[in-house]
Every structure is written in C-alpha cells, then in structure tokens.
Amino acid sequence: SSGSASDLSAGTVPTARLSTKVLGGQDEGSIVTATTATSLLDSTITVSGAAGDLIEVVAGYRFLNSSGTTKAPTITLKLGATTVLTYTPSALSSSAADRQGHLRAVIRLESTTDQNVSGVGFIASGTTALTGTSTENLGTGVALDLTGAVQSGGSQEVQLHFLTITRVAA
C-alpha cells in the first residue's frame, strides 16, 4: 500500500510492528520531606537498551505545601550517576490541598553510550519543557532513579503516585 489519503479512510495504512517491553514501574511511594534529592522509588529499576531504542518514563506525583509561603518541589530523573532531567516548577502558594504533578520523559538511545532525553513536567503552576543528555552504558544496564526534594522552610512533602518505564525496541 502506498499510504495515500484513500488508505487512511479505509484504515489500511501500513505500520511497522514495534516491540514494547515494560522495564519497571511502581505505585505509591514513601513521602519525602527532605531538602536534598531523595529517591521516590521503593527499589532500584535497571534499564537497558540498544541503539535506536526509546525508553519512556511516565510518573505522577503529588506535592503538598502547607508552609504558609510559596514553595515548589524539585524532581530529578537519573540514569546511573547522571542527572538527565531536573524539574522545578514555578512556586505554588501554600494550601492544605495536594497538587498533582506529572513528569514524562523519552530517552532516545543514539548508541548504548549516547542518550538524548526530552521531557515535560507539569503541575498546577504550569508546564515546563525539559532536555538532557547522558553517556551512561545502557548496553549493560544502569539504574534509573527518580528523586524528589522540597524547599527549606515550613511543611512540605512530595510523593510518587505511580511510575511506568517502557522500552520500544528499534
């Protein structure tokens, strides 16, 4: 089939078959109240891949700021020892209600030791586009970590609600 407009209406557009594998995931994690980066994960998740693969990370979290002043959490995505994305949204006003946030990242393996990362983070205060790179060796596998931290002063907490990591093979 040629992929013409008539093929679209007939539902016969040819597609490549993709191989997707779930690499890891987690549901609700521990509450983090530290001002230094602390893992939001209950246990280590190892990711690996080959040139051309895509690894997708989707995480939902909550942030509670009842400090009395505007504050924001910092969420980081790490591959091995390398921080590939850091997300600190605009500060949120103090409230007794949780704010729900979301971080989504795609890691493109140019080779097993050359990764480009693109992501987006959003919460009540807006959306932020994120980019990063890594030279970790994903051919042999490295630990993936998602960390959280709060700002100093007052009562705040950040907690992972869910995490899904998948790999689409080239």
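Numbers here are sequence positions counted from 1.
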Legend entry - Validation row: Val57, Leu85 side chains within 4.5 angstrom (heavy atoms): no
Legend entry - Reported CD1-to-CG distance for the pair Ile75 and Leu77, which is rounded to 0.5 angstrom: 10.5 Å
Legend entry - Side chain proximity check, Thr82 to Thr135, heavy atoms < 4.5 angstrom: no
Inset, instruction - Considering non-hydrogen atoms only, spot the tightest contact between Gln156 and Val150 and give its length. - result: OE1-CB, 3.6 Å
Throw together a table of side-chain donor-acceptor distances under 3.5 angstrom for residues 158-170, partners on residues two or more places apart or in other chains.
unit_1: Gln159; atom_1: OE1; unit_2: Arg62; atom_2: NE; d: 2.7
unit_1: Gln159; atom_1: OE1; unit_2: Arg62; atom_2: NH2; d: 3.3
unit_1: Gln159; atom_1: NE2; unit_2: Gly29; atom_2: O; d: 2.7
unit_1: His161; atom_1: NE2; unit_2: Gln100; atom_2: OE1; d: 3.2
unit_1: Arg167; atom_1: NH1; unit_2: Ser48; atom_2: O; d: 3.0

Legend entry - Residue pairs fulfilling salt bridge (Lys or Arg N to Asp or Glu O under 4.0 Å) with at least one residue in residues 113-141, sequence neighbours excluded: none
Inset, instruction - Determine whether the side chains of Ser94 and Ser67 contain a donor N or O and an acceptor N or O closer than 3.5 Å. - result: no
Legend entry - Reported CG-to-OG1 distance for the pair Asp145 and Thr44, which is rounded to 0.5 angstrom: 7.5 Å
Inset, instruction - Is it possible for you to say whether Val106 and Leu79 belong to one hydrophobic cluster, with membership spreading through side-chain heavy-atom contacts below 4.5 Å? - result: no
Legend entry - Same cluster (ILVMFWY, side-chain, under 4.5 Å), Leu23 and Val58: no
Inset, instruction - For Glu28, enumerate each residue passing the salt bridge (charged side-chain N to carboxylate O under 4.0 Å, His left out) test, keeping only those at least two apart in sequence or located in another chain. - result: none
Legend entry - Residue list, side chain to side chain donor-acceptor pair (under 3.5 Å) with Asp53, at least two apart or on another chain: none
Inset, instruction - Check for a donor-acceptor pair, side chain of Thr128 on one end and backbone N or O of Gly126 on the other, with a separation under 3.5 Å. - result: no
Legend entry - Inter-residue atom distance Asp98.CG - Leu64.CG, 0.5 Å rounding: 5.0 Å
Inset, instruction - Go through the steps for Ile55 and Leu109 under the test side chain to side chain contact (heavy atoms under 4.5 Å, CB included), then give the verdict. - result: CA-CA 8 Å; Ile55 297 174; Leu109 280 73; 3.9 Å; yes
Legend entry - same_hphob_cluster(Val120, Leu146) at 4.5 Å side-chain heavy-atom cutoff: no
Inset, instruction - Please name all residues satisfying side chain to side chain donor-acceptor pair (under 3.5 Å) with Ser93, sequence neighbours left out, ordered by chain then number. - result: Arg99
Legend entry - Thr133 side chain near Asn116 side chain, heavy-atom distance below 4.5 Å: yes
Legend entry - Gap between atom CD of Gln26 and atom CD1 of Ile45 - 0.5 Å precision: 6.5 Å
Legend entry - Gln115 side chain near Val84 side chain, heavy-atom distance below 4.5 Å: no
Legend entry - Donor-acceptor contact below 3.5 Å, side chain Lys71 vs main chain Ser66: no
Inset, instruction - Heavy atoms only: give me the nearest Thr36-Thr38 pair and the separation to one decimal. - result: O-OG1, 2.9 Å
Inset, instruction - Would you name the heavy atoms of Ala72 and Pro89 that are closest together and state the gap between them? - result: CB-O, 3.3 Å
Inset, instruction - Check whether any side-chain heavy atom of Leu144 sits under 4.5 Å from a side-chain heavy atom of Thr46, and report yes or no. - result: no
Inset, instruction - Calculate, to the nearest 0.5 Å, the distance between atoms CG and CD1 belonging to Leu103 and Ile123 respectively. - result: 11.0 Å
Legend entry - Nearest-0.5 Å distance, OH of residue Tyr87 to NE2 of residue His102: 10.5 Å
Inset, instruction - Scan for salt bridge (Lys or Arg N to Asp or Glu O under 4.0 Å) pairs involving residues 35-46, sequence neighbours excluded, and state none if there are none. - result: none
